[in-house]
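Below: the structure, in structure tokens.
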Amino acid sequence: MSDSRIVYFGAKSAAKSGVRSIYKKLFKALGPQGWWPVTEVHGRLPVYRPLFYGPHTCRAMFEICAGAILTQNTAWGNALTALTGLNGAGVMSPLKLSALPSAELCRLIRSSGFYRQKAERLKIFSRYIISRHPEGLEKWFLDATPDGLRAELLTIKGIGPETADSMVLYAGGKAKFVVDAYTHRVFGRLGFIPGTYAGLQEGFETALPRDHRVYNEYHALIVALGKNYCRKNKPVCAQCPLKSACSTGRIAKKG
DNA sequence: TACCAGGTCCTCG
DNA sequence: CGAGGACATGGT
């Protein structure tokens with residue numbers, strides 16, 4: 001007998017339909033998320049634009065990449081303060097960032113935490129663009145395949161799987177599913193295994209149409225769920241859009 | 001007061 | 001490989 005709460009990724013149609021039905025539930029309950037929030041040309045704060053999936057301007061692409069680095073293991077609000085600081089200082093570009101003294105860069109992004117590491121990572125990424133892709137971020141990303149771009153990004157120090165995938169999906173508008181801490185938590189509680197980065201990513205990419213708009217919404221919806229319902233300590237199971245598909249709340253009640 | 005937040009790198013069994 | 005520590009601020 002199989003435990004209905006356990007859903008194996010791989011060649012299982014149950015996993016496919018599970019992944020798809022969860023997406024539908026989330027989208028229906030929470031709506032389009034408008035990711036990735038990007039600063040408007042004339043605006044100060046990044047804005048969520050529901051149902052817009054690109055293409056982005058070159059500077060928006062760079063801002064998304066910088067944001068992906070700044071939000072590593074950090075609350076988005078803290079990363080956002082740093083992004084606003086960089087925009088306010090007029091240094092949101094590879095050329096400007098790479099020319100900025102490290103102490104100044106550290107000061108601008110201090111709110112994001114791990115700021116020495118992140119300042120270094122932003123510089124490394126900026127220098128990489130200038131030296132390896134002098135034609136610019138836009139041409140680099142738009143000409144690349146999702147897997148090729150991901151592999152190249154992973155060679156850059158400071159860019160790991162999630163940051164690379166965020167850049168590919170949200171800056172490049174290419175179909176790569178982003179797996180993050182929320183994804184592990186939510187789908188772990190839902191009973192999906194394996195819970196490794198590669199396992200989860202392959203599960204999603206196999207189950208879903210290869211459409212960057214779907215990957216975009218799905219990951220953003222998982223984050224929304226993780227923040228507002230599927231919290232680490234005190235999950236709000238009673239009103240969770242996925243409670244019918246999840247056993248966590250029931251188990252907790254049974255004790 | 002602790003714990004948590006849209007990870008990654010390095011080191012050591 | 002996987003586990004464990006370092007990296008750091010701001011919100012609850």
Side-chain angles (χ1 to χ4, degrees), chain A residues 23 26 30 32-39 45-50 60-61 63-86 102-126 128 150-172 176-189 193-202 204 212 215-236:
Chain A
Y23 176 66
L26 288 175
L30 306 176
Q33 299 294 301
W35 273 41
W36 184 291
V38 174
T39 305
L45 292 175
V47 57
Y48 294 81
R49 277 200 285 173
M61 290 172 66
E63 185 184 289
I64 292 169
C65 292
I69 290 172
L70 289 169
T71 197
Q72 288 171 350
N73 198 42
T74 298
W76 171 248
N78 290 349
L80 180 53
T81 303
L83 280 178
T84 308
L86 294 174
S102 291
E104 180 66 5
L105 182 52
C106 284
R107 188 182 65 75
L108 289 170
I109 67 170
R110 189 178 57 82
S111 69
S112 72
F114 307 123
Y115 60 84
R116 291 183 195 87
Q117 273 191 346
K118 287 174 181 175
E120 181 65 16
R121 289 173 185 182
L122 287 173
K123 287 217 165 211
I124 289 171
F125 181 60
S126 297
Y128 184 89
R150 177 184 210 265
E152 184 174 351
L153 288 168
L154 285 175
T155 67
I156 304 170
K157 187 168 146 189
I159 298 181
E162 188 192 331
T163 306
D165 290 335
S166 294
M167 290 179 178
V168 172
L169 176 61
Y170 289 108
K176 246 305 136 196
F177 202 92
V178 177
V179 175
D180 66 355
Y182 291 123
T183 315
H184 280 100
R185 185 161 80 226
V186 171
F187 284 82
R189 284 174 176 170
I193 60 173
T196 62
Y197 193 103
L200 283 165
Q201 182 174 55
E202 215 211 315
F204 286 107
H212 76 97
Y215 293 5
N216 176 319
E217 290 295 354
Y218 206 156
H219 175 252
L221 285 163
I222 290 167
V223 172
L225 187 86
K227 280 182 177 174
N228 300 314
Y229 298 93
C230 200
R231 299 186 190 154
K232 191 162 197 176
N233 278 338
K234 293 184 170 183
V236 189

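Letters go in sequence order (proteins before strands), and every chain restarts at 1.
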Restricting both atoms to N or O, compile the protein contacts to nucleotides 8-12 of chain B shorter than 3.5 Å, with distance only.
from	atom 1	to	atom 2	distance (Å)
B:dT8	OP1	A:G160	N	3.0
B:dT8	OP1	A:G160	O	3.0
B:dT8	OP1	A:P161	N	3.4
B:dT8	OP1	A:E162	N	3.3
B:dT8	OP1	A:T163	N	2.8
B:dT8	OP1	A:T163	OG1	2.8
B:dT8	OP2	A:E162	N	3.4
B:dC9	OP1	A:G158	N	2.7

*Step through it carefully: locate the ring centre of A:Y218, locate the ring centre of A:F177, and say whether they are under 6.0 Å apart.*
yes
*Could you check whether A:N78 gets within reach of a base, just the sugar-phosphate, or nothing at all, counting any heavy atom under 4.0 Å?*
base
*Would you mind checking if A:E120 and A:K123 are paired as a salt bridge, meaning a charged N to carboxylate O distance below 4.0 Å?*
no
*Quick one: which residue pairs count as a ring pair (Phe, Tyr, Trp, His ring centres under 6.0 Å) with a foot in residues 64-86 of chain A, not counting sequence neighbours?*
A:W36-A:W76
*By side chain to side chain contact (heavy atoms under 4.5 Å, CB included), which residues pair with A:P161, not counting sequence neighbours?*
A:R150, A:L154, A:Y197
_Whether the A:T81 and A:N78 side chains hold a donor-acceptor pair (N or O, under 3.5 Å, no angle test) is what I'd like checked._
no
*State which residues pass side chain to side chain contact (heavy atoms under 4.5 Å, CB included) with A:A82; sequence neighbours excluded, sorted by chain then number.*
A:L70, A:I109, A:S111, A:S112
*Quick one: how far along DNA chain C does chain A reach, first to last nucleotide 5' to 3', anything under 4.0 Å to a heavy atom?*
C:dC7 to C:dG10
_Reference residue A:Q201; test side-chain hydrogen bond (donor to acceptor under 3.5 Å, both in side chains); the match among A:D165, A:T196, A:T183_ = A:D165
*Return the value, rounded to whole Å, for the distance between atom NZ of A:K234 and atom P of B:dA2.*
17 Å
*With A:R121 via side chain to side chain contact (heavy atoms under 4.5 Å, CB included) - residues at least two apart*: A:I69, A:Q72, A:Q117
*Can you tell me, in whole Å, how much space there is between the P of C:dA8 and that of B:dC10?*
14 Å
*Would you indicate what A:R116 reaches in the nucleic acid, counting non-hydrogen atoms under 4.0 angstrom: base, sugar-phosphate, or nothing?*
sugar-phosphate
